Amino acid sequence: MPPLLVSVAIPCPLRRRFDYLWPDSLGRVIEAGLRVRVPFGRREVVGVVIAPAEGAAVDASRLKAVSEVLDERPSLSPPLLSLGLWAADYYHHPVGECLQQMLPVALRKAATPARAKAERWQLCAGVDVSTLPPQAKQQRALCEAFREHGVLSREALGELGFSRATLRELEKKALVEEAATTAAVGGGVQGPPLNDEQQQALVAITDALGQFRRFLLDGITGSGKTEVYLRGIEQCLQQGRQCLVLVPEIGLTPQTLRRFERRFPGRVTSLHSGLADSERLRNWQAARDGHCDIVLGTRSAVFADLPRLGLIIVDEEHDASYKQQDGWRYSARDIAVKRAADQGCPIVLGSATPSLDSLHNGDQGRYHLLRLRQRAGEASEAAIRLVDIRQQPLQDGLSAALLTAVDATLAAGNQVLLFLNRRGFAPVLQCHHCGWIAECAACDARMTVHYKRRQLRCHHCEAVRGMPRTCPDCDNAEWLYEGPGTERLEMNLQKRFRERVLRIDRDSTSAKGSMAALVAEVRQGEPCILVGTQMLAKGHHFPKVTLVGVLDMDAGLFSADYRATESSAQLLLQVAGRAGRAEQAGEVLLQTHCPQHPALQTLVHRGYRQFASTLLAERRLLGLPPFSYCAVIRADAVTLSEAEDFLATLRSALAEPANDWHMVGPLPAPMARRAGRFRASLILQADTRGRLHGQLQRACAVAEGQRAGQRLRWSIDVDPIDLF
DNA sequence: AGCACGCCGACT
DNA sequence: GTCGGCGTGCTC
């Protein structure tokens, strides 16, 4: 009898699997997806069993043995394991790191996590209280309380005056058990009736339940996409299946969660970065064990284990936060599509401003297009008005036209939103005497002035230093603060207006609860001016905002970077959508130095879809994605030439450029030095996925062969968001 | 990634 | 004389 061998994924940056002996003492059947503790080098790590190994990679006598099996049943179910293996391959990332990242943090280490503490309890089915001894008065009383209330939470038990001990006693006697995450499952509140468009979209989706089908739900702001999701989910649940709903990082607000919970009480759980490890584990288990039917989560929730998955929804599918921006650079949206295909269930990608990728997929007939053009309720979509600010005097970055509009809006008792996507006081600090400029010591970048904190901060690394009192070169103390920032805008506007000015950006909302407090204040409805970055553009609805002013988006809209134009337009429309959501009509003023620019004209006068078509046509001409397949290999090192040399070596090991295959680089990154390291990239472009994949495979082999060490780091980005 | 081994500088 | 710097090599 040959010894049993298993192939294990180890969490280390090696694109390899490791074989281990499976000792008889473990006894159990080998199941893929089990977590195991294994010796690795001089330490012990947690790996995941991929499969029984056929023949060992090294001779079997040199293999080490699995120390321990950590799971009762596989932590990665067969469909998730195969999804993970596919994704590791697709993104050319080490399989051990991928599989580890798919698991909740609490399961990544060997110590069996303390079972997440129960919060709610209920009576077990068919309990006979009379079996309790008559002297157990407290226990009997507690059973009565359960009969009356159904489910009792920790707090409720405290309020009713029951002790922890009584409860524990009943749990031990198997009279009481942990209840599902939330209160009794029951009928939630009814949603509003659907209009024709919504109804059509809903029917299309529900007709597809039980089969793989991709939908692009293209619905303008306020058109009621979420209502379509909720109805679709309702149908899916009625068929006894579960749903996965992905939202952008910033979109998973308590409001969103509450909306789902009100509709489906007791059936929703969430997975996002705000949860403690134990809560995350608990919610993950609730989904896996089928206690919850809806998982609402951000990027990594795409790996939630839903054994009865029947529908996937990706809201705001164009949002960049679905793409992980370091390490394993996966796109949760794209993995979700793959997952739906594996599972044989429909997936709905929703957006008011769909990504060009998805629109292209729609054009190709891969995605079924569903459009919602009407706004639910009376309000019409706010038109964008261009304000030509060439040679116009600006006061605090605001043109006379915008100031007039602000005055009028406030006078009418409404609220104003001013969008400026640059936080801090001023992006540049310069000495008025000698021209010295404050630069980051570690990056090719200027330091941003943070006025109230009296600090200079680099927005590209962690660097922070105090504001110098005098110029380090000429010792003068007269400073120029160049350019606008949200902090400066807030301060200056506060001097000018008597109404409250509220700033919402990463700095003003970093303290826990401060975001909620700001949002609550705005929702009071008093006239005020909101100043903010893109944080303001997403998630929150402010019904009293009737004027949106966009101070400066020229840099993004007219950028040479081909993706920046797309994402700036999406952002602009998202911001514009904040205006006039309730019954009041809204107004959007966009300040620009290029009012005649054709792209802007198209966007403003002919709409996003037309704008997107124009951009797509451009990309087709230039052979850019989605008309080609793209990857970037990035390297960073202590010197620029080390990074470039490494990439040059890779380049020379790959196929010669041809008709269907191009390489660009190695090129230094636009901001070559960042956090003290020099960065360069090699761009790969192919006409087919297969071609790209093959070359990436070779690149990985060559790169791993190089003894790079600590001095040089490299990474692969498949389907990158930006090319550098 | 970790972790050990290994060969050169300033310290009780 | 040793403590400790991080270069380099290896992990079933």
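Because the structure is a prediction, the values reported are computed rather than measured. Residue numbers begin at 1 in each chain, while the letters A, B, ... track the order of the sequences.
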To the nearest angstrom, how far is A:R15 atom CZ from C:dT11 atom C1'?
-> 16 Å

Would you indicate which nucleotide in C:dT11, B:dA1, C:dC12 comes nearest to any side-chain atom of A:C12?
-> B:dA1

Test item: side-chain donor near acceptor, A:Q570 and A:E566, under 3.5 Å = yes

Over how many whole Å does the gap from A:H93 atom NE2 to B:dA1 atom C1' extend?
-> 11 Å

Using heavy atoms and a sub-4.0 Å distance, could you list which residues of residues 41-49 of chain A are near DNA chain B? By number, please.
-> A:R42, A:R43

Which residues pass the side chain to side chain donor-acceptor pair (under 3.5 Å) test with A:R506, sequence neighbours left out?
-> none

Check every strand shown and say whether A:L14 touches a base, only sugar-phosphate, or nothing at a heavy-atom separation below 4.0 Å.
-> base

Between C:dC10 atom P and A:I10 atom CD1, what is the distance in whole Å?
-> 18 Å

Between the side chains of A:Y90 and A:R689, is a donor N or O closer than 3.5 angstrom to an acceptor N or O?
-> yes

Write down the distance between NZ (A:K109) and C1' (B:dA1), rounded to a whole number of angstrom.
-> 17 Å

To the nearest Å, how far apart are A:F18 CZ and B:dG2 P?
-> 14 Å

What does A:P11 touch in the nucleic acid at a heavy-atom separation under 4.0 angstrom: a base, only the sugar-phosphate, or nothing?
-> nothing

What is the distance, rounded to the nearest whole Å, between atom CD of A:E704 and atom C1' of C:dT11?
-> 13 Å

Is A:F40 touching bases, backbone alone, or none of the nucleic acid, heavy atoms closer than 4.0 Å?
-> base

Electrostatic pair A:R677:A:D636 at N-O distance under 4.0 angstrom | yes

With sequence neighbours left out, what residues match A:D687 under salt bridge (Lys or Arg N to Asp or Glu O under 4.0 Å)?
-> none

A:D319-A:S321 side chain donor-acceptor pair, cut-off 3.5 Å = yes

